[in-house]
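A quick write-up on the structure given underneath.
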Amino acid sequence: MAAALLANVLYSAGFVLEKRALGALPEVTVRRPARLLRLVLGSPLWIGGSLALAAGFAAQLAVYRTLPIAAAQGLFVSGLVLLVLLSARLLGEETSGRERYALGAILLALLMVVLSLREGGADADTVGRDAPYPLILLVCVPALAAGVWLYSSAERNARHRHRLPTTGVEYGIAVGLLYGVSSLAVKGVSSHLTAGVGASVVALLRSPYPYLLLFTGAFGLVMSQAALQRCRASLIVPVCTTVTCLFTAVLGTLSFGEEFPDEPLRLALRVLGTVLAVTVLLAMPKHDTAPRSPARPRS
C-alpha cells in the first residue's frame with residue numbers, strides 16, 4: 001500500500017513537471033524523434049520529471065510482487081485525483097463540466113473494480129507469478145500495433161486545417177495501450193526477481209519482457225511527450241491511465257492466471273466497472289473547448 005501511494009505521488013509529480021517543461025519548449029513531433037529527444041534532454045525540469053517517473057516505476061515493481069494485478073491497478077488509478085489537482089494548481093488547466101463528470105464516472109468505475117477484490121487472508125486473491133510467453137505475445141503485439149495505428153490516425157486528423165483542437169482522448173487511448181503492454185512487462189519482470197542476480201538476468205533475457213519494455217519505452221516516450229505538449233495533462237493522463245488499468249487488469253489477470261471473482265456480486269462489480277469505464281472513454285468529447293494555454297515558441 002505504501003509503495004502504491006508513493007508511486008502515485010511520483011507519477012503525478014513527474015507528469016506535471018514534464019508538462020511544464022514541454023510548455024517552454026518549441027513544438028515537438030513524433031516525425032522528428034531525434035530532435036524531440038535533444039530538446040527534452042536539454043531541459044533540467046523535464047529531466048527532473050523523468051526521474052520522478054523512473055522512481056515511480058521502481059515503486060510499481062514492489063507493488064506487483066505483493067498484490068494481484070487488478071488490486072494494484074485500482075491503487076495506481078487513485079493517483080488521478082492528485083494529478084488533476086496538481087494540474088489545476090500548477091498548470092492552470094481547467095476541465096469542462098462534462099469532462100469533470102466523465103472523470104468522476106471513471107473513478108467510480110475503477111472503484112467498482114477495486115471493491116470486487118477479496119481482502120487479505122486465506123481467501124485473498126492470488127498473485128500470479130508467470131505467464132506463457134506465446135500468450136503474452138498474442139496479447140501484447142496486437143495492442144502495440146493498435147496503439148501505433150491509433151496515434152498515427154490522430155496525428156493525421158490533427159493536421160487537417162480548420163479542425164477544432166483535440167482534447168487528446170485518442171492520444172491517451174493510444175499511449176495507454178502501449179503503457180498497458182509495458183505494465184504487463186513490468187509484472188513479468190517482477191516475477192523473475194526472486195532468484196539470484198545471475199539467474200534472474202539469464203531468465204529475463206530469455207523472456208519477451210525486457211524487449212517489450214524497450215519497445216514501449218522508446219515509442220511511449222516519443223508519443224507521450226508530443227501528445228502531452230499539445231493536450232491538457234488533466235485529461236490525457238487520466239484517459240491514458242484508465243486504458244492502461246483496464247488493459248492490465250483484464251488481460252493481465254487472464255495472462256498470469258489470476259482468478260476472476262466467483263461470487264456473483266464481486267463478478268458484477270468487476271464487469272460493470274470495466275464496461276462503465278470503456279463507455280465513458282468512448283463518450284468523452286473529442287474536441288477541446290477549454291481555454292487554450294499560451295502559444296508555445298516555435299523553432
Side-chain angles (χ1 to χ4, degrees), residues 8 68-84 87 93-117 139-140 142-151 153-154 157-158 164-184 223-224 227 231-255 258 260-261 263-290:
N8 286 342
I69 288 177
Q73 291 305 306
L75 290 173
F76 292 145
V77 168
S78 66
L80 292 180
V81 176
L82 177 61
L83 185 280
V84 172
S87 297
E93 295 183 351
E94 298 181 6
T95 54
S96 67
R98 182 180 174 186
E99 290 167 353
R100 285 193 291 272
Y101 284 126
L103 293 175
I106 284 174
L107 289 174
L108 173 62
L110 297 170
L111 176 62
M112 292 168 68
V113 173
V114 174
L115 291 176
S116 73
L117 300 164
V139 167
C140 293
L144 293 175
V148 172
W149 175 84
L150 182 58
Y151 193 98
S153 177
N157 292 334
L164 289 172
T166 179
T167 57
V169 171
E170 299 97 330
Y171 291 117
I173 293 174
V175 177
L177 287 172
L178 262 70
Y179 284 168
V181 172
S182 179
S183 190
L184 288 190
M223 291 164 59
S224 64
C231 306
R232 285 174 285 140
S234 57
L235 192 62
I236 190 173
V237 175
V239 170
C240 174
T241 303
T242 302
V243 173
T244 300
C245 171
L246 293 176
F247 182 93
T248 310
V250 176
L251 297 180
T253 296
L254 289 171
S255 300
E258 296 181 354
F260 280 95
E263 301 166 15
L265 177 59
R266 294 174 58 238
L267 181 60
L269 286 171
R270 181 80 59 92
V271 173
L272 291 176
T274 301
V275 171
L276 175 60
V278 172
T279 302
V280 172
L281 286 176
L282 294 175
M284 287 184 76
K286 302 299 188 294
H287 301 299
D288 203 350
T289 57

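The first residue in the sequence is number 1, and the count goes up from there.
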Excluding sequence neighbours, so at least two apart, what forms ring pair (Phe, Tyr, Trp, His ring centres under 6.0 Å) with Tyr151? Tyr171

Taking every heavy atom of Ile236 against every heavy atom of Ala227, the minimum-distance pair comes out as CD1-CB, 3.5 Å

Is it true that the side chains of Tyr179 and Thr241 contain a donor and an acceptor less than 3.5 Å apart? no

To the closest 0.5 Å, what do you measure between CZ (Arg232) and OG (Ser87)? 10.0 Å

Which value, rounded to the nearest 0.5 Å, describes the distance between Leu272 atom CG and Thr279 atom OG1? 10.0 Å

Chi angles and distances behind the side chain to side chain contact (heavy atoms under 4.5 Å, CB included) call for Leu177, Leu144: CA-CA 7 Å; Leu177 287 172; Leu144 293 175; over 6 Å; no

Here the pair of heavy atoms bringing Val181 nearest to Ala143 is CG2-CB, 3.9 Å

Can you name the nearest heavy-atom pair linking Gly176 to Val243, along with the distance? C-CG1, 3.7 Å

With side chain to side chain contact (heavy atoms under 4.5 Å, CB included) as the test, would you mind laying out the steps for Ser183 and Phe247 before giving the verdict? CA-CA 9 Å; Ser183 190; Phe247 182 93; over 6 Å; no

What residues form a side-chain contact (heavy atoms from CB on, under 4.5 Å) with Leu276, not counting sequence neighbours? Leu108, Ala109, Met112, Val280

Distance check, rounded to the nearest 0.5 Å: Leu178 atom CG versus Met223 atom CE? 5.0 Å

I'd like to know if the side chain of Thr242 reaches the main chain of Pro238, judged simply by a donor and an acceptor atom lying under 3.5 Å from each other, with no hydrogens or angles considered. yes

